[in-house]
Amino acid sequence: MFSKNSKEKGIESVLFFISTLTVLILFLICIFLFRDSLLLFKETSLLDFLTGKFWYPTSVNKQFGLLPLLLGSLLVTAGSILFSVPLGIASAIYISELAHPKVADFLKPFIEILAGIPSVVFGFFGLVVLVPFMQKTLNLPTGQTALTGSIMLGIMALPTIITISEDAISSVPSTLRQGSLALGATQWQTIYKVIIPASLSGISAAVMLGIGRAIGETMTLMMVTGNAAIIPSFPGGFFGPVRTMTATIALEMGEVPQGSAHFHALFAVGSVLFIITFIINLIADSIKKKYRFKVG
């Protein structure tokens, strides 16, 4: 029989091995991604890639400009956050502070189910229902626009924002609520002057994770944004088709000749996307640590 100490050391060794393996896999992915990306810059300068206005990877004079793809991704992500953040925070406040416990227990499973729906189902719903609706309602040439993609991404980001925000609000000590009410504040005054400021770090983390969820989405955007690699105009860019970085990789990687400049350009797009997502996750993690410190 194994002693208690040997069992604990065995468990620690297994956990250490799994953690090390995870870090190693991530490191290898980074090497694989950036190695193929750097080969692009033997033919195209980094500045031309980052500031180029045209994405013509198959023309005679090939141009690999990231700008239309980057702006398309940022536009759709910004629109989704403008849609999902107010709705998500309002829903979290209602579930945590205003709803009857039975109503809250009824709503939470549906929010979790919404998070588990495959993105292709959201994309199919957007293509069949939302795209024709937007085209007819706004009298647009096509309903496959940045606005349509923003709405769909906003719906997909809602479960993340609602769940984490609700946890942050529920974690506010009850003594703060009771003290505010005892001083004569109404329930609404307590919510927006005491509870929301106390849970602001957790809510901020929820928003950052929602951004990460939105900017990395692929299938839904392929189906509802029109996939036009053009720089969106402002402010009317929401009503025109755009193409995102994720959709570009998914659309073109299957047909591109391996080892070509186009192939390496797609890896470079993926590298930029990886860096953006990594930065967002770092910010969200730092906010979550700050939130835990405050609550603890």
Side-chain angles (χ1 to χ4, degrees), residues 74-117 122 130 137 147 149-217 234-235 238 276-277 279-296:
L74 295 179
L75 181 66
V76 173
T77 302
S80 68
I81 295 304
L82 290 174
F83 172 80
S84 61
V85 168
L87 189 59
I89 295 176
S91 300
I93 292 172
Y94 174 75
I95 293 173
S96 179
E97 299 295 322
L98 302 175
H100 190 276
K102 291 184 178 180
V103 176
D105 292 338
F106 176 78
L107 291 176
K108 286 181 180 179
F110 284 96
I111 296 173
E112 294 173 358
I113 291 173
L114 187 65
I117 297 176
F122 281 106
L130 188 58
T137 303
L147 179 60
S150 296
I151 294 173
M152 293 308 305
L153 279 191
I155 295 173
M156 297 174 69
L158 275 176
T160 300
I161 296 175
I162 293 174
T163 301
I164 300 178
S165 296
E166 195 270 333
D167 289 341
I169 293 171
S170 298
S171 298
V172 175
S174 59
T175 52
L176 293 179
R177 296 178 177 84
Q178 295 169 0
S180 176
L181 295 172
L183 290 173
T186 64
Q187 186 177 19
W188 281 109
Q189 289 174 331
T190 300
I191 289 173
Y192 73 81
K193 288 188 177 181
V194 177
I195 295 174
I196 297 300
S199 59
L200 189 59
S201 296
I203 294 174
S204 300
V207 173
M208 295 305 298
L209 291 174
I211 294 174
R213 172 74 173 87
I215 202 168
E217 179 54 43
F234 296 96
F238 275 111
I276 293 174
T277 306
I279 292 173
I280 291 173
N281 287 335
L282 284 179
I283 295 173
D285 186 62
S286 65
I287 292 174
K288 287 175 67 178
K289 288 180 179 178
K290 181 179 180 182
Y291 161 68
R292 292 195 188 103
F293 174 78
K294 285 188 173 181
V295 173

Hey, mind stepping through M156 and L153 against side chain to side chain contact (heavy atoms under 4.5 Å, CB included) and telling me if it holds? CA-CA 5 Å; M156 297 174 69; L153 279 191; 4.2 Å; yes
Rounded distance (nearest 0.5 Å) linking atom [atom1] of [X] with atom [atom2] of [Y]:
X    : Y    : atom1 : atom2 : result
I280 : I211 : CD1   : CD1   : 6.0 Å
H100 : D105 : NE2   : CG    : 10.0 Å
T163 : I111 : OG1   : CD1   : 6.0 Å
L87  : I162 : CG    : CD1   : 6.5 Å

May I ask you to test the I191-L98 pair for a side-chain heavy-atom distance under 4.5 Å?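 Yes, side chains in contact.
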Taking side-chain contact (heavy atoms from CB on, under 4.5 Å) as the definition, give me every residue that meets it alongside L74, ordered by chain and number, with sequence neighbours left out. L70
Partner set under side-chain contact (heavy atoms from CB on, under 4.5 Å) for V194, not counting sequence neighbours: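 If we apply the side-chain contact (heavy atoms from CB on, under 4.5 Å) test to V194, skipping adjacent residues, the hits are L176, S180, T190.
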Kindly give the heavy-atom pair with the smallest separation between [X] and [Y], and that separation in Å.
X    : Y    : result
I195 : V172 : O-CG2, 3.9 Å
Y192 : P197 : O-CD, 3.7 Å
Q189 : A185 : OE1-CA, 3.4 Å
Y94  : V103 : OH-CG1, 3.9 Å
R177 : I169 : NH2-O, 2.9 Å

State which residue, out of S199, S165, S91, S170, fulfils the side-chain hydrogen bond (donor to acceptor under 3.5 Å, both in side chains) condition with S96.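 Per the side-chain hydrogen bond (donor to acceptor under 3.5 Å, both in side chains) rule, the option paired with S96 is S170, out of S199, S165, S91, S170.
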Determine, step by step, whether K108 and E166 satisfy the side chain to side chain contact (heavy atoms under 4.5 Å, CB included) criterion, reporting the C-alpha distance in whole Å, the side-chain angles of both residues, the deciding distance to 0.1 Å, and the verdict. CA-CA 10 Å; K108 286 181 180 179; E166 195 270 333; 3.6 Å; yes
State whether the side chain of S84 and the backbone N or O of I155 hold a donor-acceptor pair below 3.5 Å, judged by distance alone. no
From CA spacing to verdict: side chain to side chain contact (heavy atoms under 4.5 Å, CB included), L114, F122: CA-CA 10 Å; L114 187 65; F122 281 106; 3.8 Å; yes
